[in-house]
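The next block holds one structure in the form of C-alpha cells; read it before the comments.
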Amino acid sequence: MPEEGVPPVAATGLLGFLAKFTVLRGAQRELWLTFLIKLLIISAYSITNKTLILWLSSDLGFSDQVWAPAMTVFTLLAGSFTDAFGLRRTFFLGVIICLVARATMVFTTIPWLALAGGLFPLVIGEALGTPVLIAAARRYSTTQQRSISFSIIYMVMNVGYLIAGSIFDYVRHSLGEYGYLNLLGLHITTYRTLFLVSLGFEVLLFPTIYFLRRGAEATDEGVRFDAEPVKYGTGSLSDRIWLTVRDAAGDTVRLFRRLLGQSDFYRLLAFLLLIGFLKLIFLQMDYVFPKFGIRELGNGAPIGHLSNINYILIIILVPIIGALTQKYSAYRMVVVGGAICAASVFVMALPTPWFQRSAQGFIGQWIGHGYLGVQGSIHPYYMMIAIYISIFSIGEAFYSPRVYEYAAAIAPKGQEASYGALSYIPFLIGKLLVGTGGWLLAAFCPAHGPRHSGTMWLIFALAASVAPIGLLVFRRYIRVPEAGRQN
C-alpha cells in the first residue's frame with residue numbers, strides 16, 4: 001500500500017530549504033554505508049559499461065547485444081531473492097560473483113572463457129546489487145528521510161559515474177586506445193586494464209559491507225534489529241543458494257500473478273514502459289556514444305569527460321530539485337523532465353555547420369581546450385554534445401530519481417526489493433531498444449565510409465519523444481495516485 005507522504009517542514013525560505021537536508025543528520029550508519037556502497041558499485045559498473053562494447057569488438061571480436069537485456073532480466077529475479085536471502089548476504093554474494101567474473105575478464109584472452117567465466121557471471125553479480133540498494137535505501141531511512149535519501153543516492157550514483165568517466169579517459173590517454181599495460185610480464189590491453197581498475201573498486205566493497213549491522217532497520221521510533229531471513233538454514237551453501245534462487249523465481253512469478261489482478265498494476269506497468277523510451281537515451285551513452293565519439297572525433301577522444309558534464313550537473317541539480325519538488329507527484333515530474341530530455345536529443349540531429357562559429361568562439365574554445373584538453377581546432381560536435389548533455393541533465397534531474405522513489409513507496413512491507421526491482425523495467429525496455437544501436441551505428445556512423453550521424457540521432461530523439469507524449473496523452477488511464485503528493 002502507498003506510504004504516507006513526508007510531513008511538511010515548518011520553516012520557510014532558506015531555512016526551510018536546508019531543513020529538507022538536515023533530516024539526514026540523525027540517519028543510521030547503515031544509510032551512509034549504503035551511499036558508499038552505491039558509489040563503489042557504480043564506479044566499477046560504469047567503468048565496465050563504458051569499456052564493454054570496445055573490449056568485445058577490439059579484444060574478442062564479439063557483439064555487445066547480450067549483456068544489457070540479460071542483466072535487467074536477472075535484476076527482476078534478484079528482487080525476490082534479496083527478500084528471501086537478506087540484504088547483507090545478498091550484497092556479499094553479489095560482490096563475490098563480480099570479483100571472480102572481473103578477474104576472469106582481466107586475465108584471460110580466451111574468448112569463450114571471457115564470456116562463460118567473466119561476462120555472463122558478471123551479469124548475475126551486478127543484478128544482485130541493484131534491487132538490494134533500493135531496498136537498503138528504504139530500510140535504513142525513516143519516513144522523513146526517505147525522499148531526500150533517494151535523491152542523495154541518485155546523486156552518489158552520478159559521483160560514481162563521474163569517477164568512472166575520468167578513469168576511462170585517463171587510462172585510454174595513458175596507454176593509448178589500443179595499447180597495453182605490462183603487469184608482471186603480462187600484456188594487458190587498455191580495455192582489460194580498465195576492467196582491472198573496476199576489480200579494485202570491487203575489492204573495496206568487502207570491508208564496507210562488513211560494517212552493515214545484521215538485521216538493522218531504521219524506524220521513526222529509532223533503529224530496530226530483526227533477524228535477517230534464513231529460509232534454508234541447513235545444508236551446503238550451494239544448496240541453500242540454489243533453493244533460494246528457485247524460490248525467488250517462484251516468488252517473482254507469484255508477484256506478477258498477484259499484480260495482474262490489480263488494475264493499478266497495468267497503469268504502473270504502462271507508466272514504466274513509457275519511461276523505457278527515456279532510458280534509451282541514458283543507456284546509449286554507454287552502448288552507442290563511445291563508438292560514435294571515436295569514429296567522429298578520432299581515437300583518444302575525451303568521451304569520458306564529455307559524459308562527465310551530465311554527472312557534474314546531476315550531482316548539483318538532483319538534491320536541489322529533489323528538495324524543491326517533494327510535494328509534487330512523480331508523474332508530473334516525469335512528464336516535465338521527460339519533455340526536456342527528449343528535446344535535448346534533437347540538438348544532435350541538427351547540421352554540424354550550424355555550430356561551427358560557436359565552436360570557434362569563447363565558450364567553444366573553453367570547452368574544447370580548457371575542459372576537454374583537445375588540441376587544434378574544435379570540432380562542432382564538441383559544442384553540440386555539450387549543449388545536448390547539459391539540457392538532458394536538467395530533464396534527468398527532474399524525473400529519474402522519482403521513478404525509484406515511487407516504486408519503493410508503494411511496496412508492501414517485506415517486499416521492498418521485489419517492488420524496487422520493478423522500477424528497473426524501464427531499463428529492460430531501454431536496453432532492448434538500445435540493442436538497435438549497433439544497427440544504427442553500422443548504417444549511419446560506420447567505422448569506414450560516409451557517415452550520416454545526424455539521422456541516427458534523429459531516430460533516438462523521436463524514440464525518446466514517445467515517453468512524454470504518451471504520458472500526456474494517456475495520463476487519465478495510467479496515472480497512479482500517490483498519497484501525500486499533489487497531482
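Start at 1 with the first residue, then count along the sequence.
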Problem set entry | Aromatic contact, Tyr381 with Phe292 (centres under 6.0 Å) | yes

Exercise. Ignoring hydrogens and geometry, is there a side-chain-to-backbone donor-acceptor pair from Ser358 to Phe355 under 3.5 Å?
Worked result: yes

For this session: Take atom OH of Tyr178 as the centre, draw a 6.0 Å sphere, and report whether it contains more than 12 heavy atoms from other residues, nucleotides or ligands.
Result: yes

Exercise. Counting only N and O atoms by type, is there a donor-acceptor contact under 3.5 Å from the side chain of Ser344 to the main-chain atoms of Cys341?
Worked result: yes

Problem set entry | Shortest non-hydrogen contact between Phe277 and Leu273, atoms and distance | CD1-O, 3.7 Å

Tabulate below the donor-acceptor pairs under 3.5 Å that side-chain atoms of residues 456-465 make, not counting sequence neighbours, or state none.
residue, atom, partner, partner atom, Å
Ser465, OG, Ala461, O, 2.9

Problem set entry | Member of Val334, Val466, Leu278 meeting the side-chain contact (heavy atoms from CB on, under 4.5 Å) criterion with Leu471 | Val334

For this session: Give a yes/no verdict on a cation-pi contact between Arg172 and Tyr170, requiring under 6.0 Å between NZ or CZ and the six-membered ring centre and an angle within 45° of the axis.
Result: no

For this session: With rounding to the nearest 0.5 Å, note down the distance linking OG in Ser453 to CE in Met384.
Result: 9.5 Å

Exercise. Can you check whether Met105 reaches Ser198 side chain to side chain, under 4.5 Å on heavy atoms?
Worked result: no

Problem set entry | Reported CG-to-CG distance for the pair Leu36 and Leu205, which is rounded to 0.5 angstrom | 8.0 Å

Exercise. Within the side chain of Asp169, is there an N or O that forms a donor-acceptor pair under 3.5 Å with the backbone of Gly304?
Worked result: yes

For this session: State whether a side-chain donor-acceptor pair under 3.5 Å links Glu177 with Thr190.
Result: no

Problem set entry | Worked verdict on Leu52 versus Tyr191 for side chain to side chain contact (heavy atoms under 4.5 Å, CB included) | CA-CA 8 Å; Leu52 190 65; Tyr191 300 138; over 6 Å; no

Problem set entry | Test side chain to side chain contact (heavy atoms under 4.5 Å, CB included) applied to Tyr311 and Val159, step by step | CA-CA 7 Å; Tyr311 312 140; Val159 174; over 6 Å; no

Seminar exercise, completed: Minimal heavy-atom distance between Arg295 and Cys445, with the atoms involved, is NH1-O, 2.8 Å

Exercise. Do Leu199 and Leu99 touch side chain to side chain, with heavy atoms closer than 4.5 Å?
Worked result: yes

Exercise. Can you tell if the side chain of Arg451 reaches within under 4.5 Å of the side chain of Pro446, non-hydrogen atoms only?
Worked result: yes

For this session: Take Leu39 and Ile163 through the side chain to side chain contact (heavy atoms under 4.5 Å, CB included) test and state the conclusion after the steps.
Result: CA-CA 9 Å; Leu39 177 66; Ile163 293 170; 3.9 Å; yes

For this session: Flag this pair as yes if the NZ/CZ of Lys38 is under 6.0 angstrom from the six-membered ring centre of Phe35 and inside a 45 degree cone about the axis; otherwise no.
Result: no

Problem set entry | Trace of the side chain to side chain contact (heavy atoms under 4.5 Å, CB included) decision for Val335 with Phe398 | CA-CA 9 Å; Val335 172; Phe398 272 96; over 6 Å; no

Exercise. Does His305 reach the side chain of Tyr371, with side-chain heavy atoms less than 4.5 Å apart?
Worked result: yes

For this session: Report yes or no: does Ser393 contribute a side-chain atom to a donor-acceptor pair with the main-chain N or O of Ile389 at less than 3.5 Å?
Result: yes

Exercise. When rounded to the nearest 0.5 angstrom, what distance separates CG in Leu440 from OG1 in Thr455?
Worked result: 10.0 Å

Exercise. Can you check whether Tyr161 reaches Tyr45 side chain to side chain, under 4.5 Å on heavy atoms?
Worked result: yes

Problem set entry | Spatial distance of atom CG (Leu115) from atom OG1 (Thr104) [nearest 0.5 Å] | 11.5 Å

For this session: Have a look at Ile37 and tell me which of Ile209, Val95, Ile42 forms a side-chain contact (heavy atoms from CB on, under 4.5 Å) with it.
Result: Ile209

Exercise. In Å, rounded to the nearest 0.5 Å, how long is the span from CD1 of Ile321 to CE of Met155?
Worked result: 13.5 Å

For this session: Would you mind reporting whether Leu54 and Ile294 have side-chain heavy atoms less than 4.5 Å apart?
Result: yes

Exercise. Roughly how far, to the nearest 0.5 Å, is CD1 of Ile281 from CE of Met348?
Worked result: 11.0 Å

For this session: Would you mind reporting whether Ile47 and Phe201 have side-chain heavy atoms less than 4.5 Å apart?
Result: yes

Exercise. Any side-chain heavy atom of Ile385 sitting closer than 4.5 Å to one from Phe289?
Worked result: yes

For this session: Quick one: closest heavy-atom pair of Leu317 and Ala397, and the distance?
Result: CB-CB, 3.8 Å

Problem set entry | Nearest heavy-atom neighbours spanning Gly165 and Asn308 | CA-OD1, 3.5 Å

Seminar exercise, completed: Closest heavy-atom pair, Pro290 versus Gln284, reported as atoms and distance to 0.1 Å, is CD-O, 4.4 Å

Exercise. What is the minimum heavy-atom distance between Met383 and Gly364, and which atoms define it?
Worked result: SD-CA, 3.8 Å

